[in-house]
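Each ligand, and each atom within it, is numbered from 1 in the order the structure gives.
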Amino acid sequence: MSGQGSKRVAVVAGDGIGPEVVESALEVLTAAGVHLDLVRLEVGLGRWKRTGEALGDEDLDTIKQCDCILFGAITTPPDPGYRSVLLRLRRALDLYANIRPFQSSDLDFIIVRENTEGLYSGREEVGEEESRTTRVITRRGSERIAEAACDLAAKRRLLTIIHKSNVLKSDWLFLQTCREVAERRGIPCEDMLVDAAAYNLVTNPRKFDVMVTTNLFGDILSDEAAGVIGSLGLCASANIGESHALFEPIHGSAPDIAGKGIANPIGAIRSAAMMMEWLGDARAAGRIEAAVRRALATGARTPDLGGSCRTADVTGAVVGCLMAEQSEEPPVPEKDVQKREMQFG
Ligand code: NAD
Ligand code: IPM
Ligand code: MN
């Protein structure tokens with residue numbers, strides 16, 4: 001992937017543990033033999049404190065010229081007027097599908113979260129006595145997230161539509177639209193109210209395969225899902241649009257452990273693997289994921305998983321697993337990577 005085949009990746013390490021876990025992910029990509037043209041951008045709280053701006057228009061232009069973004073995490077500054085950098089990027093690049101796979105030794109399911117509308121519409125009125133946020137559900141928004149979920153479910157067993165249509169009239173449109181898409185595509189499908197889904201996720205998580213839901217429900221259910229598989233630090237995500245994509249661990253900047261060198265880097269490493277798959281290098285993605293599993297199986301665990309390893313130890317274990325695999329295997333000629341549809345499963 002060197003020379004003409006090199007992909008340009010905007011690296012937004014961000015705040016708190018963001019830079020710590022992004023460095024781990026970059027180390028693992030290098031060990032996997034991946035060559036990328038990295039464009040590092042200072043974006044986030046640090047930049048906001050220095051300049052009063054967390055993300056500039058020129059950064060957005062630079063990002064648009066890159067193939068995709070590798071993102072760490074950003075701390076929300078203590079300012080009610082502040083609009084999240086991540087939400088700005090999702091909106092500006094129309095990254096409508098937030099794909100969050102959850103895997104452990106005995107669990108394997110995916111949350112497909114609508115990523116541009118719902119309660120994240122940005123339509124807010126703030127008053128002294130009353131404040132409002134408008135929850136926007138559109139047919140087009142529901143259709144395209146249902147299609148993305150069906151793309152994944154087509155290679156798996158079941159689609160579950162998660163909603164709250166017993167209370168929220170807007171969710172009738174979401175539910176009916178998702179059902180229509182699943183029916184047209186011949187995907188086995190059921191639906192569940194979000195409160196029941198939250199309960200089932202804890203009591204019977206094997207029930208789920210591909211879950212599709214609206215923006216805020218997906219945000220909350222995915223942190224819950226992370227708890228079910230063991231830690232927020234294990235979980236990765238892809239924010240996908242028609243022409244851009246952003247890859248990030250699902251966790252935040254974790255100020256409580258920032259700078260201590262104990263953040264779990266696996267979510268960021270897995271996000272880098274998802275990025276390689278999206279960039280068309282499924283082989284690198286598969287090798288990184290396999291190395292993560294082997295490293296975890298050998299007991300490389302940070303304190304969030306009950307272990308005593310540091311970020312650097314876990315990163316080193318993943319790199320070690322990649323190297324060990326390389327020495328067992330004959331070299332394979334490098335191929336130019338082609339951007340293609342995201343496919344998991
Ligand atoms: P958080 O996800 O940062 O942390 C929640 C808990 O999980 C903390 O106890 C933290 O130590 C732990 N944790 C998270 N990631 C971990 C990892 N990799 N290894 C080990 N432990 C990990 O959520 P929060 O504390 O509610 O938010 C902190 C800040 O991050 C806020 O400003 C929030 O707005 C922001 N945030 C940003 C993103 C993002 O940029 N993608 C996502 C969520 C939250
Ligand atoms: C996530 C985060 C973001 C969200 C925040 C930081 C805006 O929690 O990606 O899950 O709410 O979508
Ligand atoms: Mn979240």
What's the shortest distance from [atom] to any protein heavy atom, and which residue and atom give it?
{"atom": "atom 9 (O) of ligand 1", "answer": "Asp256 OD2, 2.8 Å"}
{"atom": "atom 41 (N) of ligand 1", "answer": "Glu248 OE1, 3.0 Å"}
{"atom": "atom 19 (N) of ligand 1", "answer": "Asn264 N, 2.9 Å"}
{"atom": "atom 2 (O) of ligand 1", "answer": "Gly252 N, 2.7 Å"}
{"atom": "atom 34 (O) of ligand 1", "answer": "Thr76 OG1, 2.5 Å"}

**Q.** Under 3.5 Å: N/O of Arg100 near N/O of ligand 2
**A.**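 Yes; at least one N/O pair falls below 3.5 Å.
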(Q) Tell me whether Asn98 has any N or O atom under 3.5 angstrom from an N or O of ligand 2. (A)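 Asn98 vs ligand 2: no N/O contact under 3.5 Å.
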Q. Got a sec: is Asp223 within less than 2.8 Å of the Mn ion (ligand 3) via an N/O/S atom?
A. no
Q: Could you tell me whether atom 4 (C) of ligand 2 has a protein heavy atom closer than 4.0 Å?
A: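 Given the 4.0 Å cut-off, atom 4 (C) of ligand 2 counts as touching protein heavy atoms.
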Q.
Under 4.0 Å from atom 7 (O) of ligand 1, is there at least one protein heavy atom?
A. yes
Q) Is the Lys NZ or Arg CZ of Arg144 less than 6.0 Å from the centre of Phe174's six-membered ring, within 45° of the axis? A)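 Output no; distance or angle outside limits.
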Q: Return a yes/no value for Ile74: is any of its N or O atoms, backbone included, closer than 3.5 angstrom to an N or O of ligand 1?
A: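 By distance alone, the answer is yes.
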Q. Between Arg88, Arg113, Arg90, His251, which one has a non-hydrogen atom sitting closest to atom 9 (O) of ligand 2?
A. Arg90
Q: Please find the N/O/S atom of Asp219 nearest to the Mn ion (ligand 3) and write down its name.
A: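 Looking only at N, O and S atoms of Asp219, the one nearest the Mn ion (ligand 3) is named OD1.
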